[in-house]
*Asks:* 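Quick one: this structure, given as structure tokens, is what I'll be asking you about.
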Amino acid sequence: MQRKALILIALAIFTVCSRTSQKVTFMIGGAPAELDYWEALASKFSDSTGIDIAILRQPTDTDQRRQGLVVPLRAGEKDPDAFLMDIVWIGQFAASGWLEPLDSYVDNEGFDLSPFFERVIDLADRYDGHLIALPVYVDAGLLYYRSDLLAEYGYNEAPVTWNELAKIAMEVQAKQRKINPQFWGFVWQGAQYEGLICNFLEYAVSNGGGIVARGESLIINSPANIEALTFMRDLLAKYRISPPNTYTEMKEEQVRSFFESGNALFERNWPYAWGLHQSPDSKVRGKVGISLLPKFEGGHHAATLGGWHIAISRNSDAKRQAWEFLKYVVSRRVQTDFAVDLGWNPARRDVYDSPKVRERAPHLVKLREVFESATARPTLPYYSLLSKMLQQKVNAALSGMMEPEKALDEAQAEAREIAARYKR
Ligand code: GLC
């Protein structure tokens, strides 16, 4: 009897050990310093749980990250077990059946979802009545500025309107060029990729436009949008405050390093840039302010809602272990570290109350409203197709190949075709 009990205990221990020693492959992209941070986080997790995490590194660009995941997921590979997804592709991944529903994990453990932003969970992490992901951080477009230069030229605040931004940028650029010929007034993401749509939406919405659903169709070529796109083109062609490679090369990381090398007055970027701007090798450390993106006269401030969410692959053979890692990543402690160490905007409300965050990342607390009211991109199953088409049109207008009105008229017609094709 005693022997039998001992064997059972040994068996139980063996099962637990063999289960927890299983490796979780985790696919994650980002700036090199952020990836190093993830590596350190994964080893901390492994030390305390015995679950190994193998990090599969991806680039920063969301389109490349999506492609890198679609290939193994579509092929039904076991790896990666877990990954981060951009808020805009979750719907497509869920509809393809690639995501493990998390309801039973949450229910069995009484996992508390109440600290998370409900709007974000409802918008992004539920599909067909199931919870399929958890938010890791919330993004919204922000304006970064050189506080030292603004003060030097007699401005004590960031510009409120886009016209003010253009005016200040022209003045400071002209004067700074005498000392630094590489200097530009304003850097932002104009390359042909998803980030361009995020930028375009901010100008459009802050002018009373946007990609608006009307009945069955989307309105893209409204006068407000045409005006907004014309202004974007003017930043390059008329005011000449943004570098000519804006529409060929500028994505998040190019923009961040440009600003960080001390060669720009204003920058549009996501919250992650804050932490990196303050790093020891940054030339702008301690000289950066952060504010709402400007608006058009009579419009309102707008920021595109972005952010990254963690999920488990349906084909994973280490789901239990992956779930342990998910819980760790979204825990209050780790989310607090993300906010303090990386400047990421937490997806949990309770982190904002932490004294550590209030003291070390006061800008996030101050800008909390921006994150809560940020503009979501349309949640359509064919969003990627729509976005790809619009990226081409908006980019063609920036390069001067097409007039803004023509670009958006064409986008309008093609959006209609895409929607009709998708429904068929
Ligand atoms: C950021 C945002 C993401 C967006 C991407 C565009 O990573 O979090 O939502 O799609 O930038 O480049």
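In each ligand, atom 1 is the first atom listed, and ligand 1 is the first ligand listed. What you see is a predicted model; the values in this text were computed from it and never measured. Reckoned from all heavy atoms, side chains included, excluding hydrogens, waters and symmetry mates.
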*Asks:* Kindly write out the residues that satisfy ring-ring contact (aromatic ring centres under 6.0 Å, His included) with F338, not counting sequence neighbours, or none if the list is empty.
*Replies:* W38, W344
*Asks:* Is a salt bridge present between E252 and R65, judged by a nitrogen-to-oxygen distance below 4.0 Å?
*Replies:* no
*Asks:* Is it true that K406 and E410 make a salt bridge, defined as a side-chain N closer than 4.0 Å to a carboxylate O?
*Replies:* yes
*Asks:* Is the F26 to F83 ring centre distance short of 6.0 Å?
*Replies:* no
*Asks:* Can you list the ligand 1 atoms lying under 4.0 Å from a non-hydrogen atom of D139?
*Replies:* 1 (C), 2 (C), 7 (O), 8 (O)
*Asks:* Quick check with a 6.0 Å cut-off and a 45 degree axis cone: is R177 positioned over the face of W184's six-membered ring?
*Replies:* yes
*Asks:* Atom 4 (C) of ligand 1: which protein heavy atom is closest, and how many Å away?
*Replies:* D86 OD2, 3.3 Å
*Asks:* Heavy-atom pairs closer than 4.0 Å: do any link ligand 1 to the side chain of E252, the backbone, both, or neither?
*Replies:* side chain
*Asks:* Identify, by atom number and element, the atoms of ligand 1 in contact range of E194, meaning under 4.0 Å from any of its heavy atoms.
*Replies:* 10 (O)
*Asks:* Indicate the ring-plane relationship of F266 and F186, choosing parallel, tilted or perpendicular according to the 30° and 60° boundaries.
*Replies:* perpendicular
*Asks:* For T62, is at least one N or O under 3.5 Å away from an N or O on ligand 1?
*Replies:* no
*Asks:* Would you mind listing which atoms of ligand 1 come within a distance below 4.0 Å of any non-hydrogen atom of G195?
*Replies:* 6 (C), 12 (O)
*Asks:* Of all the non-hydrogen atoms in the protein, which one sits nearest to atom 7 (O) of ligand 1, and at what distance?
*Replies:* W308 NE1, 2.9 Å
*Asks:* Assess whether a salt bridge exists between R57 and D36, defined as any Lys/Arg side-chain N lying under 4.0 Å from an Asp/Glu carboxylate O.
*Replies:* yes
*Asks:* Considering only protein heavy atoms, which is closest to atom 11 (O) of ligand 1, and at what distance to one decimal place?
*Replies:* W270 NE1, 3.1 Å
*Asks:* By side chain to side chain donor-acceptor pair (under 3.5 Å), which residues pair with N108, not counting sequence neighbours?
*Replies:* none
*Asks:* Yes or no: does Y193 have any heavy atom under 4.0 Å from an atom of ligand 1?
*Replies:* yes
*Asks:* Would you check the N or O atoms of G306, main chain and side chain alike, for any that come under 3.5 Å of an N or O of ligand 1?
*Replies:* no
*Asks:* Does only the side chain of R377 get under 4.0 Å from ligand 1, or the backbone, or both, or neither? Count heavy atoms.
*Replies:* side chain
